[in-house]
Peer 1: 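The following block contains the structure, expressed as structure tokens.
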Amino acid sequence: FIRFPVYGGQDVAVAARLLTRQGKEPRTLQVAPVKDGIYQAEVNLSVSLRDDYLVAIDATRGSEAAKALVPFRVR
């Protein structure tokens with residue numbers, strides 16, 4: 001799991017995507033709230049090949065948007 005805080009209250013829409021080093025999107029990740037302002041996305045490593053990846057996290061509220069990129073490597 002990747003857990004991360006999201007600020008902005010209840011009206012924030014949160015999404016996460018798994019990206020390869022080449023920028024391809026092998027899958028969209030399911031995002032679930034854990035508690036107030038804390039969300040988690042499950043990254044299933046058992047089906048991933050060895051490579052470098054990014055988890056792209058997008059949070060939007062109305063016309064405001066924020067993005068974070070979390071890099072990791074599967075060896």
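Everything numeric in this text was worked out from a predicted model, so none of it was measured.
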Peer 1: Do Leu18 and Tyr53 have side chains that get closer than 4.5 Å, going by heavy atoms?
Peer 2: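 Sidechains of Tyr53 and Leu18: in contact.
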Peer 1: For residues 2-17, run the donor-acceptor check on the side chains, cut-off 3.5 Å, and write out each pair with its distance to 0.1 Å, sequence neighbours left out.
Peer 2:
residue	atom	partner	partner atom	Å
Arg3	NE	Gln40	OE1	2.6
Arg3	NH2	Gln40	OE1	2.9

Peer 1: For residues 62-75, which side-chain N or O atoms pair as donor and acceptor with protein atoms under 3.5 Å away, sequence neighbours left out?
Peer 2:
residue	atom	partner	partner atom	Å
Glu64	OE1	Arg61	NE	3.2
Glu64	OE1	Arg61	NH2	2.7
Arg73	NE	Asp52	OD1	2.5
Arg73	NH2	Asp52	OD1	3.2
Arg73	NH2	Asp52	OD2	3.4

Peer 1: Calculate, to the nearest 0.5 Å, the distance between atoms CG and CZ belonging to Asn44 and Arg27 respectively.
Peer 2: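 Rounded to the nearest 0.5 Å, the CG-CZ separation comes to 6.5 Å.
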Peer 1: If hydrophobic clusters are built from ILVMFWY residues whose side chains come within less than 4.5 Å, do Leu19 and Phe1 share one?
Peer 2: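 No, it is not one cluster - the side chains of Leu19 and Phe1 are not joined through contacts under 4.5 Å.
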Peer 1: Among all residues two or more places apart in sequence or in another chain, which pass the side-chain hydrogen bond (donor to acceptor under 3.5 Å, both in side chains) test with Thr20?
Peer 2: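 So Thr20 forms a side-chain hydrogen bond (donor to acceptor under 3.5 Å, both in side chains) with Gln22.
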Peer 1: Considering residues, nucleotides and ligands other than Gln30, do more than 12 of their heavy atoms fall under 6.0 Å from its CD?
Peer 2: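 Not buried by this count: 12 neighbours or fewer within 6.0 Å.
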